[in-house]
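A quick write-up on the structure given underneath.
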Amino acid sequence: MRVLAALSGLTGVADQARELRDAGVSGVFTFEGPHDVFAPLTLAAGVGGLDLMTNVAIAFPRNPIHLAHQANDHQLLSGGRFILGLGTQVRAQIEKRFGAEFDRPVDRMVELVAALRAIFESWNTGARLDFRGDYYRHTLMTPTFSPGPNPYGPPPIYVGALGPRLTRAAAAHADGLLVMPFSTKRFLHEHTMSAVRAGLAQGGRRAEDFTVVPEVIVATGVTAAERESAEAAARKLLGFYASTPAYVPVLAAHGWQDLQPELNALSKQGQWAQMGARITDEILHTIVACGTPAQVAAHIRDRVEGIADTVCVYQAAPIAPAVVGQIVSELS
């Protein structure tokens with residue numbers, strides 16, 4: 001099984017990437033947090049031998065031309081090993097933090113993927129750019145601004161999704177699905193994959209032409225103290241995720257849906273420290289791969305078997321590259 005690990009911060013990124021590569025990971029990914037999602041991948045591209053992926057770049061505040069240039073450049077820098085992972089985020093974040101529009105997010109994402117494909121086609125074949133949609137319009141591409149054909153071809157486009165409509169749309173139109181980290185084996189197999197199959201049928205596509213990449217939250221360590229600390233961090237992370245209405249379907253799949261309004265109320269009171277305490281052992285061990293590296297690998301394998309041969313490891317607390325290497329070895 002191929003494992004991708006997260007890059008953190010901007011300091012020593014190339015060293016991080018090199019240590020992770022030497023530990024056996026197949027690639028590295030970034031998320032849209034306190035730093036730009038592309039910058040660490042630019043720094044890691046020179047290491048070589050690693051897939052690079054945004055997991056995810058928030059799509060709607062960005063123009064398709066901007067995304068296309070960033071994706072094309074990273075495809076060149078990585079020698080054809082870049083994956084553009086896109087996500088919608090939630091309405092409050094898009095409208096209040098980014099100041100962008102969020103209406104009809106599924107339709108908007110489908111059109112954005114189509115716009116990117118039209119731009120890549122223009123660059124790689126010289127065809128006239130003439131994309132006209134409800135949200136995006138691109139009808140001019142002069143030679144001065146075209147990078148020309150990419151020797152590695154256009155990068156694949158994956159979409160991060162949780163709900164059934166966006167998951168179906170991703171399967172119908174994108175190259176792959178990035179499964180959100182707040183998930184479980186039951187939700188993945190019974191809900192996510194049901195929507196994937198429906199989307200593939202809708203798009204007239206074959207399962208072998210579509211990639212599913214689950215992201216799994218991991219809490220591990222060499223010593224019992226390290227594992228206890230990692231689990232405490234994971235409880236806080238789950239408390240944050242579970243307070244968000246978008247994640248109710250995952251909770252509801254296990255009968256835990258009443259937890260969301262309770263956590264949401266605590267978040268509005270600023271009681272962040274109390275939220276993790278509401279995460280029971282059952283919830284923790286169902287969502288998070290906890291324990292020794294061998295136990296973590298067993299959890300991951302059990303969750304994704306028959307669905308995916310690539311996973312992204314989400315570190316609830318920092319994990320030493322050597323420990324990541326042990327997980328990779330157990331999954332090999």
Side-chain angles (χ1 to χ4, degrees), residues 5-9 29-37 54-61 85 87-98 102 105 160-163 166 178-188 191-192 214-221 226-290 296 299 303 311-319:
L7 292 173
S8 60
F29 67 92
T30 53
F31 71 100
E32 194 90 61
H35 299 289
D36 177 75
V37 72
T54 54
N55 189 10
V56 291
I58 306 306
F60 300 154
T88 62
Q89 249 292 355
V90 296
R91 181 180 295 275
Q93 292 288 329
I94 296 301
E95 294 182 343
K96 295 180 181 179
R97 181 159 67 98
F98 289 103
F102 189 77
L162 175 74
L166 186 55
L178 298 173
V179 180
M180 296 292 96
F182 192 89
S183 187
T184 67
K185 177 183 178 180
R186 178 184 299 172
F187 192 83
L188 174 64
H191 297 266
T192 300
E215 184 173 359
V216 181
I217 302 171
V218 169
T220 189
E226 289 173 348
R227 293 192 291 273
E228 183 178 350
S229 177
E231 289 189 9
R235 289 180 196 274
K236 292 179 181 178
L237 179 64
L238 296 190
F240 167 73
Y241 272 125
S243 70
T244 306
Y247 292 104
V248 169
V250 177
L251 297 170
H254 295 267
W256 303 329
Q257 61 271 19
D258 291 343
L259 180 63
Q260 189 275 326
E262 178 186 350
L263 290 171
N264 187 259
L266 287 172
S267 71
K268 291 179 178 178
Q269 297 166 17
Q271 300 295 318
W272 303 102
Q274 305 301 318
M275 294 165 65
R278 300 297 198 277
I279 303 300
T280 66
D281 287 349
E282 180 186 13
I283 296 173
L284 175 70
H285 290 282
T286 301
I287 298 175
V288 180
C290 300
V296 164
H299 179 121
R303 184 185 299 195
V311 295
C312 289
V313 171
Y314 187 138
Q315 303 178 25
I319 305 175

If you compare all heavy atoms of [X] against all heavy atoms of [Y], which two are closest, and at what distance to 0.1 Å?
| X | Y | result |
| --- | --- | --- |
| His191 | Ala253 | NE2-CB, 3.9 Å |
| Phe60 | Pro105 | CZ-O, 3.3 Å |
| Leu188 | Pro214 | CD2-CG, 4.5 Å |
| Ala317 | Ala233 | CB-CB, 4.1 Å |
| Val288 | His299 | O-CE1, 3.4 Å |

Tell me, do [X] and [Y] make a side-chain contact under 4.5 Å, heavy atoms counted?
| X | Y | answer |
| --- | --- | --- |
| Asn264 | Met275 | no |
| Phe102 | Thr88 | yes |
| Leu178 | Phe29 | no |
| Leu238 | Ile217 | yes |
| Ile287 | Ile279 | no |
| Glu95 | Gln89 | no |
| Leu162 | Phe187 | yes |

Review point. Under the side chain to side chain contact (heavy atoms under 4.5 Å, CB included) test, which residues partner Ser229, sequence neighbours left out?
Key: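 None.
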
Exercise for review: Apply side chain to side chain contact (heavy atoms under 4.5 Å, CB included) to Gln271 and list each qualifying residue two or more places apart in sequence or on a separate chain.
Suggested key: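 Gln271: side chain to side chain contact (heavy atoms under 4.5 Å, CB included) contacts with Leu266, Gln269, Gln274.
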
For a quick test of your reading: what N or O donor-acceptor pairs under 3.5 Å do the side chains of residues 239-246 make, sequence neighbours left out?
residue: Ser243; atom: OG; partner: Phe240; partner atom: O; Å: 2.7
residue: Thr244; atom: OG1; partner: Tyr241; partner atom: O; Å: 3.4

Is it true that a side-chain atom of [X] and a backbone atom of [Y] form a donor plus acceptor pair closer than 3.5 Å?
| X | Y | result |
| --- | --- | --- |
| Thr54 | Gly85 | yes |
| Glu32 | Ile58 | yes |
| Arg278 | Leu263 | no |
| Arg227 | Gly221 | yes |

Practice item. Check whether the side chains of His254 and Thr184 place a donor and an acceptor atom closer than 3.5 Å, and report yes or no. Key: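 Short answer, yes.
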
Measure the [atom1]-[atom2] distance between [X] and [Y] for me, rounded to the nearest 0.5 Å.
| X | Y | atom1 | atom2 | answer |
| --- | --- | --- | --- | --- |
| Arg303 | Ser183 | CZ | OG | 6.0 Å |
| Leu259 | Thr280 | CG | OG1 | 8.0 Å |
| Glu228 | Cys290 | CD | SG | 12.0 Å |

Practice item. Apply the side-chain contact (heavy atoms from CB on, under 4.5 Å) test between Cys312 and each candidate in Asn55, Val179, Val216, Val218; give the one that qualifies. Key: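 It is Asn55; the other options fail the test.
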
**Study point:** Derivation of the side-chain contact (heavy atoms from CB on, under 4.5 Å) call for Leu251 and Phe182
**Key:** CA-CA 9 Å; Leu251 297 170; Phe182 192 89; 3.8 Å; yes

Practice item. Check step by step if side-chain contact (heavy atoms from CB on, under 4.5 Å) holds for Arg186 and Val250. Key: CA-CA 9 Å; Arg186 178 184 299 172; Val250 177; over 6 Å; no

